[in-house]
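Notes follow the structure.
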Amino acid sequence: MIQPAVSSVQIKKVTGSIVADSPDLLAIEEPMEIRLNFGKGKWKQQKNVAVTMRTPGNDFELASGFLITEGIVKSFHDILFIRHCEEGNNIVKIDIKEDVVVDTHSMDRNFYTTSSCGICGKTSVDAVKFYSGGKITYDNVRTEPSYLSALPEKLRMQQNIFEFTGGLHAAALFNREGDLLFIREDVGRHNAVDKLIGAAAASIELPLYNYILLLSGRAGFELLQKAAVAGIGIVAAVGAPTSLAVEMAEEAGITLVGFLRDNRFNIYTHPQRIKI
């Protein structure tokens, strides 16, 4: 059965000298606008916070995760309602509880993001450097190398849309014993992480010190920033980390693992959480 986030197209498939008409499946990419209602009484405001190019599905998790990881709200409990607007399913409106103080400066830096870049809309270096501000120091949260090595295969087995298209990023949350708790996919790697954190925040109290975030591709700075805000102690990536991601992980107290595949991995920062 074709997934709802997948579109079918007709293509010319070339194999050597053979050309054939063939159907192909593509991951859907559509814009989603996040609108925020916040404040009390005569100070009630509505603001368009961001437009992101995403794969439809788990839109409410994406919106709530975005607000949390960008520091606009502190937790899922700050949110009163989430709903699609009457204009259509590509606009999500979020009402914040009246007693919650919203960080409007965070909103000023987040008007537009693309599916490939989670920080394009941020307007200053200081905004890009933003994170939760509290270094993760829970070094008693430890995991076994064998648990880490098994994570990529567990992720691959659950990537439903990737099996159809090969075109999506995935983020997954595991406990320190390697049990899969949540997995989310999206055409944007930062959206996949926001969806995942939005899902986790709705059922697990932040910060997520006791959990492992697995990324299906490379570990970029913006993903480590989001992990830091959520308080995740261990971030592992199938691909390579960037230099700024390593700096971010070191500063935030995150154990960063890269090139996690084929029973091998590199530890870039804070190795004390892995029993080697």
Side-chain angles (χ1 to χ4, degrees), residues 65 69 116-119 129 131-132 134-159 162 168-186 188-197 199-201 204 206-276:
T69 63
S116 60
C117 175
I119 60 175
K129 283 287 188 181
Y131 76 102
S132 63
K135 189 169 184 175
I136 298 168
T137 57
Y138 285 72
D139 293 339
N140 59 326
V141 179
R142 305 181 73 199
T143 190
E144 299 281 351
S146 60
Y147 295 159
L148 277 178
S149 295
L151 299 187
E153 179 61 19
K154 293 179 180 180
L155 175 66
R156 190 197 64 78
M157 291 175 65
Q158 296 296 322
Q159 281 188 264
F162 184 87
L168 292 187
H169 299 281
L173 194 70
F174 297 85
N175 64 20
R176 55 185 170 178
E177 288 77 36
D179 300 317
L180 177 63
L181 304 177
F182 301 96
I183 180 172
R184 294 295 182 267
E185 292 179 287
D186 199 274
R189 55 174 58 90
H190 60 285
N191 287 338
V193 172
D194 279 339
K195 286 180 178 181
L196 182 76
I197 292 175
I204 302 173
L206 299 181
L208 302 172
Y209 292 132
N210 286 305
Y211 302 94
I212 303 167
L213 170 63
L214 178 64
L215 307 171
S216 64
R218 66 175 177 84
F221 165 80
E222 72 275 16
L223 305 185
L224 269 296
Q225 176 187 332
K226 291 176 182 295
V229 175
I232 298 172
I234 302 175
V235 176
V238 173
T242 65
S243 62
L244 198 55
V246 173
E247 289 180 27
M248 182 73 206
E250 181 63 40
E251 180 181 353
I254 295 172
T255 298
L256 177 58
V257 171
F259 295 106
L260 178 61
R261 52 182 182 253
D262 301 324
N263 206 37
R264 295 177 292 132
F265 56 87
N266 298 337
I267 307 173
Y268 291 87
T269 59
H270 300 283
Q272 67 274 14
R273 295 194 185 92
I274 301 172
K275 299 176 184 179
I276 52 176

[X] versus [Y]: any side-chain heavy-atom pair under 4.5 Å?
{"X": "L223", "Y": "L213", "value": "no"}
{"X": "R273", "Y": "R176", "value": "no"}
{"X": "I212", "Y": "Y147", "value": "no"}
{"X": "T69", "Y": "Q225", "value": "no"}

Identify the two heavy atoms, one from [X] and one from [Y], that lie closest to each other, and give their separation to 0.1 Å.
{"X": "L215", "Y": "A171", "value": "CD2-CB, 4.4 Å"}
{"X": "A172", "Y": "F174", "value": "CB-CE1, 3.6 Å"}
{"X": "L256", "Y": "A249", "value": "CB-CB, 3.8 Å"}
{"X": "A230", "Y": "L206", "value": "O-CD2, 4.1 Å"}
{"X": "S216", "Y": "A170", "value": "OG-N, 2.8 Å"}
{"X": "D186", "Y": "A192", "value": "CB-N, 3.7 Å"}

Which value, rounded to the nearest 0.5 Å, describes the distance between [X] atom [atom1] and [Y] atom [atom2]?
{"X": "E185", "Y": "L196", "atom1": "CD", "atom2": "CG", "value": "11.5 Å"}
{"X": "S146", "Y": "L151", "atom1": "OG", "atom2": "CG", "value": "9.5 Å"}
{"X": "L244", "Y": "L224", "atom1": "CG", "atom2": "CG", "value": "9.0 Å"}
{"X": "S149", "Y": "R261", "atom1": "OG", "atom2": "CZ", "value": "12.5 Å"}
{"X": "L180", "Y": "L155", "atom1": "CG", "atom2": "CG", "value": "8.0 Å"}
{"X": "N266", "Y": "L260", "atom1": "CG", "atom2": "CG", "value": "10.0 Å"}

### Query
Is the backbone N or O of V193 less than 3.5 Å from a side-chain atom of R184, with the two atoms forming a donor-acceptor pair by type?
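No; judged by distance alone, with no hydrogens or angles, the pair does not exist.
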
#### Entry: Option among E247, E251, M248, E250 that satisfies the side chain to side chain contact (heavy atoms under 4.5 Å, CB included) test with T269
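One option only clears the test, and that one is E250.
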
### Query
T143 and side chain to side chain contact (heavy atoms under 4.5 Å, CB included): which partner among T255, I234, N210?
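Result for side chain to side chain contact (heavy atoms under 4.5 Å, CB included) with T143: I234.
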
### Message
How about CG on N175, more than 12 heavy atoms from neighbouring residues, nucleotides or ligands closer than 6.0 Å, or not?
### Response
yes

